[in-house]
Amino acid sequence: MSSPNPKFRVAICGGGVGGLIAAHALARFPNIQVDVYEAARELTEVGAGIGMWPRTWRILQTLGLDHDLGEAAVIRPTNLPRVAFTFRKGDQPLGLSFNQLITPGGLISFHRPDFQKVIVNHLPPTCRLHTSKRLVSYLYGPAASSVQPPPIYLHFRDGTTAVCDVLIGADGIKSSVRTSMLRELAGKAQAAGRPQEAQQHLAGIDARWSGASMFRTTFSADALRQQLPGHRVLREPVVYLGKDTQLTVYPIARGTRINFAATIASFGMENSAFEGPWVEDVPPFDLITHFSRWEPEVQSLMQCVSNLSRWSMHTVHPLQTFVSGRVAVLGDAAHCMLPYQGAGACQAIEDACMLAEVLGHPNTTLTTLSHALTVYDAIRRPFAQRIAEKSRENGMLFMFNYPGLDNFSSHNEDVRRLSEVYYRIRKNWEWAWETTIDEDVVRARALLEGSENGRGSEEEESS
Ligand SMILES: Cc1cc2nc3c(=O)[nH]c(=O)nc-3n(C[C@H](O)[C@H](O)[C@H](O)COP(=O)(O)OP(=O)(O)OC[C@H]3O[C@@H](n4cnc5c(N)ncnc54)[C@H](O)[C@@H]3O)c2cc1C
């Protein structure tokens with residue numbers, strides 16, 4: 001039961017992975033009122049795959065989602081060592097498996113709609129979900145009294161408004177909350193005579209093209225079995241590596257389907273403007289031709305591709321802050337990253353968990369909310385931005401776009417250099433199974449408890 005007199009009202013804008021997990025995590029605090037506003041008419045997910053790592057899985061366990069998610073996973077999650085990915089140089093007539101990433105439990109993979117269904121079905125009854133509510137902007141209203149901070153008014157595209165005390169922007173890569181928040185911060189910096197800082201805030205509004213396009217589809221495992229019985233992808237996730245091109249493939253939907261994601265990159269185009277639609281259906285012919293010199297098991301995968309969509313991969317430029325006053329952004333809205341560590345949703349889940357931690361803390365009240373959000377920013381921003389950088393670097397390694405990886409020649413030399421590639425990929429990724437969020441939670445509590453009377457500066461109220 002939520003309290004009839006909540007300590008404050010939280011609005012979550014966006015009902016994707018990050019927004020919904022934030023709603024779950026906040027439900028542990030019945031004295032906080034939670035409303036989720038989602039632009040779409042209903043909650044849906046693309047029919048592709050999504051992978052989770054042990055660091056994130058522990059959060060999902062804490063939220064009590066692990067049992068049903070475990071049922072939906074390809075393989076029931078365990079702590080036993082499993083192959084997370086086999087790495088194979090595939091851009092040659094005879095492919096070469098050069099290493100296997102073995103981690104506790106491996107990659108915990110799902111069909112996205114299955115994953116979402118579990119999260120939605122478990123949404124606590126206290127959380128109110130409003131669909132067809134596309135946020136356009138927000139504004140601080142007049143304060144009801146000198147001691148009460150002013151409410152935040154949300155303006156939706158259908159002309160309606162809503163009110164809250166804290167706004168969480170979980171509205172994805174093209175986030176309206178990020179746009180309003182960064183404009184507000186830039187305006188304040190400009191007014192304070194800091195034009196350079198204002199420019200830095202404005203630079204975070206538009207997402208940037210990474211120079212890479214990803215071609216995504218799923219197909220039935222039986223179709224692949226017919227092409228090549230015993231294909232390794234039927235058993236385990238594989239990354240096929242090649243120059244400026246890579247392919248990640250793994251089983252989903254309890255092993256009945258295969259998730260397929262191929263990247264073609266022009267690294268020199270990074271940060272340029274992308275012309276055309278970000279996502280569109282394309283005929284498979286061009287992609288199949290692009291891979292025509294790759295090894296036979298890649299050809300078998302290509303033969304199964306019938307529907308294909310092309311995603312231009314955009315990222316959010318590292319923001320100077322994830323918060324302003326009583327507004328915060330999380331997930332892709334805050335740090336949309338490249339998918340070469342399967343970490344974007346994982347990081348959104350960590351953001352959600354940390355936000356709930358700071359908002360639910362007993363020291364956090366209506367008047368100390370902005371301080372609580374600065375703690376969220378201090379802990380989550382450096383970590384998430386570091387993972388974004390590591391994901392980018394892994395993409396460069398997957399596509400041999402790294403110093404010294406231009407030409408592969410003799411077999412022995414190739415094996416030596418590929419071992420180096422693997423070593424770097426693994427080092428970049430270890431955070432996902434060798435660390436937990438627990439230390440960050442302890443730090444957040446210490447910051448909230450050590451702060452002077454738990455009070456922070458109500459920046460927006462004084463402006
Ligand atoms: C090819 C690919 C593979 C990936 N694989 C993985 C993986 O294996 N593991 C992993 O962890 N991550 C992966 N990711 C990243 C992951 O999909 C995203 O990081 C994650 O979905 C972000 O969640 P989110 O809730 O922040 O945003 P989203 O999932 O984009 O949700 C945003 C929500 O906000 C709604 N919305 C948008 N605008 C508004 C508005 N103005 N008002 C109200 N609502 C609005 C949208 O309709 C949507 O429901 C992958 C990404 C790609 C592209």
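Counting convention: from 1, in listed order, for ligands and their atoms alike. Basis for what follows: all heavy atoms, side chains included, without hydrogens, waters or symmetry-related copies.
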Practice item. Compare Val329, Ile387, Asp332 and give the one whose heavy atom is closest to atom 18 (C) of ligand 1. Key: Asp332

Check your understanding: Yes or no on side chain to side chain contact (heavy atoms under 4.5 Å, CB included) for Tyr140 and Val327, after CA distance, side-chain angles and deciding distance?
Key -> CA-CA 10 Å; Tyr140 287 96; Val327 177; 3.6 Å; yes

Check your understanding: What is the nearest protein non-hydrogen atom to atom 47 (O) of ligand 1, stated with its residue, atom name and distance?
Key -> Glu38 OE2, 2.6 Å

Practice item. In sequence, state the C-alpha distance, the side-chain angles, and the governing distance for Glu236 and Thr86, and then conclude on side chain to side chain donor-acceptor pair (under 3.5 Å). Key: CA-CA 8 Å; Glu236 66 203 19; Thr86 291; 2.8 Å; yes

Point to revise | Gly342-ligand 1 polar pair, N/O distance under 3.5 Å | key: yes

Practice item. May I ask you to identify the nearest protein heavy atom to atom 27 (O) of ligand 1, giving residue, atom name and distance to one decimal place in Å? Key: Gly172 CA, 3.8 Å

**Study point:** Nearest neighbour of atom 15 (C) of ligand 1 from the list Ala170, Gly344, Gly16, on a heavy-atom basis
**Key:** Gly344

Exercise for review: Mark the output for Ala343 as yes if a heavy-atom distance to ligand 1 is under 4.0 Å, and as no if none is.
Suggested key: yes

**Study point:** Side-chain heavy atoms of Leu397 within contact of Asn428, under 4.5 Å
**Key:** yes

Review point. Which heavy atom of the protein is the closest neighbour of atom 25 (O) of ligand 1, given with residue, atom name and distance?
Key: Gly18 N, 2.8 Å

Exercise for review: For the pair Glu434 and Arg55, find out whether any cationic side-chain nitrogen is under 4.0 Å from an anionic carboxylate oxygen.
Suggested key: no

Practice item. Output yes when the distance from some N or O of ligand 1 to some N or O of Val17 is under 3.5 Å, and no in every other case. Key: yes

**Study point:** Check: Trp311 N/O within less than 3.5 Å of ligand 1 N/O
**Key:** no

Review point. Is there a nitrogen or oxygen of Gly51 sitting under 3.5 Å from a nitrogen or oxygen of ligand 1?
Key: yes

Revision key, fill the gap. The answer for which part of Cys346 has a heavy atom under 4.0 Å from ligand 1 is both

**Study point:** Met214 contact mode with ligand 1 (heavy-atom cut-off under 4.0 Å)
**Key:** side chain

Review point. Starting from atom 42 (N) of ligand 1, which protein heavy atom do you reach first, and at what distance in Å?
Key: Leu135 N, 2.9 Å

Point to revise | Backbone of Ser300 reached by a side-chain donor or acceptor of Gln227 within 3.5 Å | key: no

Point to revise | Nearest neighbour in protein (non-hydrogen) for atom 52 (C) of ligand 1 | key: Pro339 CB, 4.0 Å

Check your understanding: Once the angle between the rings of Trp209 and His314 is folded into 0 to 90°, is it parallel (under 30°), tilted (30 to 60°) or perpendicular (over 60°)?
Key -> tilted

Point to revise | Proximal ligand 1 atoms for Gly331, defined as those under 4.0 Å from one of its heavy atoms | key: 26 (O)

Review point. Should the proximity of Ala48 to ligand 1, defined as any heavy atom under 4.0 Å, be assigned to the side chain, the backbone, both, or neither?
Key: neither

Check your understanding: Counting distance only, does the side-chain N/O of Thr256 pair as donor-acceptor with the main-chain N or O of Ala253 below 3.5 Å?
Key -> yes

**Study point:** Full working for side chain to side chain contact (heavy atoms under 4.5 Å, CB included) between Met337 and Gln347
**Key:** CA-CA 10 Å; Met337 60 186 71; Gln347 287 305 297; 3.8 Å; yes

Practice item. Identify which one of Asp286, Val282, Ile288 satisfies the side-chain contact (heavy atoms from CB on, under 4.5 Å) criterion when paired with Pro284. Key: Ile288

Exercise for review: Find all atoms of ligand 1 within a distance of less than 4.0 Å from any non-hydrogen atom belonging to Cys13, and give their numbers and elements.
Suggested key: 42 (N), 43 (C)

Point to revise | Shortest protein heavy-atom distance from atom 45 (C) of ligand 1, along with the residue and atom involved | key: Ala39 CB, 3.6 Å

Check your understanding: If you count the atoms of ligand 1 from 1 in the order shown, which ones are under 4.0 Å from a heavy atom of Tyr37?
Key -> 43 (C), 44 (N)

Point to revise | Minimum non-hydrogen distance to atom 2 (C) of ligand 1, winning option of Arg41, Lys133, Arg216 | key: Arg216

Exercise for review: Scan residues 163-183 for pairs that pass salt bridge (Lys or Arg N to Asp or Glu O under 4.0 Å), counting only residues two or more places apart or in two chains.
Suggested key: Arg9-Asp165

Point to revise | Heavy atom of the protein closest to atom 16 (C) of ligand 1 (residue, atom name, distance) | key: Ala345 N, 3.6 Å

Check your understanding: Within a strict 4.5 Å, meaning less than it, do heavy atoms of the Leu418 and Asn99 side chains meet?
Key -> no

Study note, to complete from the structure: Check: of Arg112, Gln341, Met52, min heavy-atom distance to atom 6 (C) of ligand 1 comes from Arg112

Practice item. Just jot down the ring pair (Phe, Tyr, Trp, His ring centres under 6.0 Å) partners of Phe219, sequence neighbours excluded, or say none. Key: none

Exercise for review: Would you check, one step at a time, whether the test salt bridge (Lys or Arg N to Asp or Glu O under 4.0 Å) holds for Arg254 with Asp114?
Suggested key: CA-CA 10 Å; Arg254 291 164 297 281; Asp114 293 346; 3.7 Å; yes

Study note, to complete from the structure: Only residue of Phe260, Tyr240, Phe85 satisfying side-chain contact (heavy atoms from CB on, under 4.5 Å) with Thr248 is Phe85

Exercise for review: Provide the number and element of each atom of ligand 1 under 4.0 Å from a heavy atom of Ser176.
Suggested key: 41 (N)

**Study point:** Protein heavy-atom partner closest to atom 39 (C) of ligand 1 - residue, atom, separation in Å
**Key:** Asp171 CB, 3.6 Å

